Structures are given as C-alpha cells and as structure tokens.
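These notes concern the structure reproduced below.
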Amino acid sequence: MEQQLLIYNTLSKKKELFVPFTPGFVGLYVCGPTVYGDAHLGHSRPAITFDLVNRYLQHLGYKVRYVRNITDVGHLVADADEGDDKIGRKARVEQLEPMEVVQKYTNSYRRNMTQLNVLPPSIEPTATGHIIEQIEVVRKVLEKGYAYESNGSIYFDVEKYSHDYHYGKLSGRNLDDMLSNTRELEGQEEKHSGADFAIWKKAQPEHLMHWPSPWSEGFPGWHTECIAMSTKYLGETFDIHGGGMDLMFPHHEAEIAQSCATLGHDSVRYWMHNNMITINGQKMGKSLGNFILLDEFFSGTHPLLDQAYSPMVIRFFMLQAQYRSTLDFSNEALKAAEKGLERLMKAVELLDILPVSTNSTVDVASLDKACYEAMNDDFNSPIVVANLFDGVRMINAINDGKESIDADDLVKLKKLYHDFVFDILGLQQPETAVASQQGILNGVVELLLNLRMEAKANKDWATSDRIRNELTALGFEIKDKKDGFEWTLKK
RNA sequence: GGUACCUUGGCCGAGUGGCUAGGCCCCGGUCUGCAAAACCGGUUACGGCGGUUCGAAUCCGCCAGGUACCUCCA
C-alpha cells in the first residue's frame, strides 16, 4: 500500500508531502549527544522522536541510512569563544584522558538508548574521527571567501554570506536585529562582527584536545562537524535533518550557511525539530539544575520522583505527545502512562488466546486505516495510541464474548498490533522474571491458590481471603473465574 | 528589548470552522460470597473580551498569563 506521508518542514513551516531524493532510499541525519555527562530525560526526546521516524520509514519499505553523530569535541563552554572545550574541561575535573570521558559517556548513552529500545543508527560518526573532513569544510569556506583568518582562528563571515544568501531563513531571524542585539562579550576582538562564529579555533596551551591544521594547532569550531559528516555519508543533498528545537539557532542556521557557502546550495530537504520537555512548566536544562538522568528515572532515585519508571513507560509517555509539542513531566502523568501501557500490553497478550468465530462483528480495516492516517500526518503517535486503545476495547469485548472475530480478521488484527506496537512505536513487553525461578514460583502460587479453592468450596472465606490478600500484598494479582483462577505477578 | 510559540475537563494530551480523540483519576451499573480485572454508562473542556460566520475550541483583533530562542543546552 502506497502511503502519502506528510512531514512538517521547519524551513517552510508547512506540512509537505515526503518524496525522497532517491526513490526508495532515505538519508536521515540527527544531531546526537555531546558526550560529557550521563544522558538525561531531554536526550530521550530526539532519540525517541527520530527512532519513530526511522522505524516508520523502514516500515513503509524505505531503505534508511540513519546517521546520528557523537559530538566529542568542538562545543565550547561559557559565553565567549575562548571558553574551554566541554570534553576537555570534564577530563580535567575527572582526571581522565579526554577520550576516556568520551568513551565513558558514549557507553552510557548507548546503554540508555538500548534500554529505551531506540534502534542504533546505521552510522554513528564522531567529530574527532572527522577532523580531516572538518578542516576540508573550513578550507572550502575560506576558498569561497566566506571566512577569514584571525590570529590562527578561522571565522565565518556572516555579513558577507548574507549578501549572497539568506542567513536566518530557518530560525526566522534577521541579521540587522541580531547585530543590534548582540551582547558585548569578551574575547571577540578577533571577530569582524558579533554575528561571526569560529569554524576553527587556535588552541591555547591549556587545551587538552588539539590537532594540526593549515592555520594553527587547534580544534574545530562550531557547527562544522554536522555538515562535514552529513555530506560524507549522505551526500551533498539528503532528505531529513532532525534535532531539538533548541538547535535551530545558531547550530542549524550555521549548518545551512556552511552548506550553502561550500556547496552553493542547501543540503537538507526536510528539517524536523522536536520540541522540548518541561518539568513543572519549565524547560529542563543543565544550567537550570532541574534535569533528571535517565538512570535516575529507571531506578527512581531522584528527589522529584515518587517511584522508579521503566524505560518503556518513559517511551510510551513520550509517544503520547506529538513530537512538535512541549511535553510536561509529572509523576501523575507518568503513572497514568504506566497504567495505560499495562492495559495496552495486556490486550496484546490476549490476541494470542482470542476465540475465533465464523464471522466478525468488529471493523479491523477501519482501525488499520486510522493508524496509518495518524502516522502519515507528521508522525502523530498520540492518535495512533488512541486508536490502539480503541482496539483494546475491541479485543477485550471479543475476549468477553460480546463481539466476535473471524480467522481472517484476527490475522489482520494481530499484524496491526505487531506492526504498530512493536515495530513502529517500538514498545516492548516488560521483561519477565528470571526464567529458572519462574517455574518454582508458578508451583508455589498454584499450590496456594488450589488451597484457596478448597477453602472456598468449604465456604471458609477467612482462609481464602487471607491467601488472596497476602498474595496481593506480595504483588500478585488474583482473578477468580467460574471454575478456577488466574494469577499474574505485577512488575 | 527582538523573534517565535503556547493557554483544552481533576491530571496528561489530540483536534483546528458544524459530527464534541484517547489515557489516567472519580462516580454509578453488570459480573462476583466480597474484591480485582473486564465491560457498559456518567460527570468535568476549550484563558478573558470583542469581531467575522447560519455556525468558532478552531479564523481575526485586543487583553491576560506562560514558555522558548537571541552563541551552555536535546
């Protein structure tokens, strides 16, 4: 089935029909993390957003090359250009080699992403692995005349660029406003204009990370890594570039500038930006001190958290909001997501034991259509989830004998849930208890419940209630049936 | 100060000119010895004031409140 996918393009501020540059193939580039600390909740938003994009494009049959970089150099701390490199500073604080810092936090980022069931990208290039390519970008910008050297550093000449191209077209900014509003910062005497930005920085003696270049012993400046790596792996024109909204300016604006300056045209056809996560209505941010690490969510150790939340609850919680909306965190909202996910997953399990009839009283085709329509409308996952919950009611009704389904529809329904719940939304059944203990546990519980059956037969309610209540207190859920029982161990 | 966005029921969140998503919570009912689960039903909405329209949560204006970006940020 041919799907007409609409993607909201931040550049045009409109939903546009997605047509890949090369039929059947999609090039997807997403700004990854700067690895100088453990991943927090904010990192999971773009990761999950573009995992959804990646998964859905693949589901539609596209061959996707998904590139997500690891930034391990080149992001400066502090306001002025002469601040430290984040990685270098962290290395000094932790008494580590810079690459040890990089390795440590790359590992923890990948571990968290796996926990969230985020599929690994096809290529995960690092900035330090592409110094040569970045130097080449700087060289080309110089060659085209859109940069100048100043004391061993190279600056992008924004004013000159804006004569020939539109600087600010992505973020809706205008250069004159920017110039008149630019803060007076120290260390800018090397720049011709406040709007200019360094694309190569001469290293000061205290810098731990530096490389030789035609201009100085130094390190890449801002925004060059993405253009260098996206061009290398996806070509001079590629389909989708994603990232957080906070990167629109200056990062992505500067990427466009470097791309136009070196290639003479835009590289990116569809710009996608996920919105921010807020906590009590305020953005999470390192400088605000209100960010919660993913590991803290999974263990429930942060003071703001009432309890631990499993990675799948975090994932499901995010998918219940559209990626372009802000999403406000609260314990109440996460607990609601946890219960909802449990209800959804129970229904998915029921699919395997649903009674089959000779005719259907349910409309699987409409449900299927509604799910695809939601995804095709700029990846509207909350609508998909809502549709899946409509289906949960359908599944439960069939299980209760109030509706019926034929074999053909049941196959379609199973495929629908498999495709959307597992393949596209990327949800997983919660991990089961250790297998070796499972069998013993089953036996013990069955024994107790059989005793309870006997007590019930004798109308010994005190005994039967005691067994049930104490099992419930231990975390079991007991369901009485007409001629027996069912039980599950929650969590 | 400049620019952009947002304000939906107890909570989270879709929708974006008429047919009032969905989840969680709450209340009733069916079932049950009682519960739980499931199912059925119900309650509570579109920040305020104007305007356009046969009709506005949806379009326009003003006001109020909030958020983000403006070289740390996902």
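Just so we're on the same page: letters track the sequence lines, and every chain starts at 1. Everything numeric in this text was worked out from a predicted model, so none of it was measured.
- Taking atom CG of Asn274(A) as the reference point, atom C1' of C73(B) lies 12 Å away to the nearest angstrom.
- If you take atom C1' in C11(B) and the same atom in G29(B), they sit 25 Å apart, rounded to whole Å.
- Cation-pi check for Arg452(A) over Phe485(A) is not met; the charged atom does not lie both under 6.0 angstrom from the ring centroid and within 45 degrees of its normal.
- Within the 4.0 angstrom heavy-atom criterion, base atoms lie near Gly42(A).
- On the P atoms, G23(B) is 40 Å away from C63(B), given to the nearest whole Å.
- Put simply, CD on Glu338(A) is 17 Å from P on G23(B), counting in whole angstrom units.
- Counting heavy-atom neighbours within 6.0 Å of Lys13(A) NZ, excluding the residue itself, gives a total above 12.
- Residues in residues 379-396 of chain A take part in no side-chain hydrogen bond (donor to acceptor under 3.5 Å, both in side chains) pair, two or more places apart or across chains.
- Taking a 6.0 Å sphere around CZ of Arg111(A), one finds it holds more than 12 heavy atoms contributed by other residues, nucleotides or ligands.
- Taking both residues in full, the closest heavy atoms of Phe50(A) and Leu28(A) are given as O-CD2, 4.3 Å, listed atom of the first, atom of the second, then distance.
- Computed from coordinates, the Leu247(A) CG to A68(B) P distance equals 16 Å when rounded to whole Å.
- Between the side chain of Glu253(A) and the backbone N or O of Leu170(A) there is at least one donor-acceptor pair closer than 3.5 Å.
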Once Watson-Crick and G-U wobble pairs under 3.5 Å are found, how is RNA chain B written in dot-bracket notation, 5' to 3', with | for any base paired to another strand? ((((((((.[[[)....(...]]].(((((.......)))))....[[[[[..)....]]]]])))))))....
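- Judged as a side chain to side chain donor-acceptor pair (under 3.5 Å), and not counting sequence neighbours, Ser330(A) has no contacts.
- Position along RNA chain B of the nearest nucleotide to Ala386(A) versus Lys13(A) favours Lys13(A) as the more 5'-ward residue.
- For Tyr270(A), the ring-ring contact (aromatic ring centres under 6.0 Å, His included) partners are Phe18(A), not counting sequence neighbours.
- Nearest-nucleotide assignment on RNA chain B puts the 5′-proximal partner with Asp377(A), out of Arg45(A) and Asp377(A).
- A gap of 9 Å separates the P atoms of A57(B) and C19(B), to the nearest Å.
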Could you give me the CA-CA distance, side-chain angles and deciding distance for Leu41(A) and Phe291(A), then say whether side chain to side chain contact (heavy atoms under 4.5 Å, CB included) is met? CA-CA 7 Å; Leu41(A) 186 64; Phe291(A) 67 96; over 6 Å; no
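- Shown here are the ring-ring contact (aromatic ring centres under 6.0 Å, His included) partners of Tyr109(A), two or more places apart in sequence or in another chain: there are none.
- Here salt bridge (Lys or Arg N to Asp or Glu O under 4.0 Å) pairs that include residues 28-52 of chain A, with residues two or more places apart or in two chains, are Asp51(A)-Arg55(A), Asp51(A)-Arg315(A).
- By the criterion of a centre-to-centre distance under 5.5 Å and near-parallel planes under 30°, the ring of Phe389(A) forms no stack with the base of G23(B).
- Every residue meeting the ring-ring contact (aromatic ring centres under 6.0 Å, His included) condition with Phe422(A), not counting sequence neighbours, appears here in chain and number order: His418(A).
- The phosphate of G15(B) (OP1 or OP2) has a side-chain N or O of Asn380(A) nearer than 4.0 angstrom.
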Below 3.5 Å is the cut-off: list the nitrogen or oxygen pairs between protein and nucleotides 25-28 of chain B, distance only.
{"residue": "C25(B)", "atom": "OP1", "partner": "Lys339(A)", "partner atom": "NZ", "Å": "2.6"}

Under the side chain to side chain contact (heavy atoms under 4.5 Å, CB included) criterion, do Tyr36(A) and Thr71(A) qualify, and how do the steps go? CA-CA 9 Å; Tyr36(A) 68 111; Thr71(A) 297; over 6 Å; no
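- U8(B) sits 12 Å from U44(B) when the C1' atoms are compared, rounded to a whole Å.
- Distance noted for atom P between C59(B) and U7(B): 10 Å (whole Å).
- Between G10(B) and U43(B), the distance separating the two C1' atoms is 11 Å to the nearest Å.
- In this structure, the CG atom of Leu170(A) is 14 Å from the P atom of C70(B), given to the nearest Å.
- Between His251(A) atom NE2 and C73(B) atom P the separation is 9 Å, expressed in whole Å.
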Walk along nucleotides 34-42 of chain B from 5' to 3' and tag each nucleotide B, S or - by protein heavy-atom contact under 4.0 Å, base first, then sugar-phosphate. BBBSSSS--
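- Tyr323(A) has its OH atom 12 Å from the P atom of A14(B), to the nearest Å.
- With sequence neighbours left out, Ile279(A) forms a side-chain contact (heavy atoms from CB on, under 4.5 Å) with Met284(A), Asn290(A), Ile292(A), Leu304(A), Phe329(A).
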Atom pairs under 3.5 Å: protein N/O with N/O of nucleotides 7-13 of chain B:
{"residue": "C11(B)", "atom": "O2'", "partner": "Glu332(A)", "partner atom": "OE1", "Å": "3.4"}
{"residue": "G13(B)", "atom": "OP1", "partner": "Asp328(A)", "partner atom": "N", "Å": "2.7"}
{"residue": "G13(B)", "atom": "O2'", "partner": "Gln320(A)", "partner atom": "O", "Å": "3.3"}

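- Rounded to a whole angstrom, the distance from the C1' atom of U16(B) to that of A56(B) is 10 Å.
- Spacing of P atoms, G47(B) relative to G15(B), comes out at 15 Å, to the nearest Å.
- Rounded to a whole Å, the CG atom of Asn458(A) is 14 Å from the C1' atom of G33(B).
- Here the C1' atom of nucleotide A68(B) and the CD1 atom of Ile279(A) are 17 Å apart, to the nearest Å.
- Taking Tyr148(A) as the reference, Ser150(A), Tyr155(A), Asp157(A), Lys191(A), His192(A), Asp196(A) meet the side-chain contact (heavy atoms from CB on, under 4.5 Å) condition, with sequence neighbours excluded.
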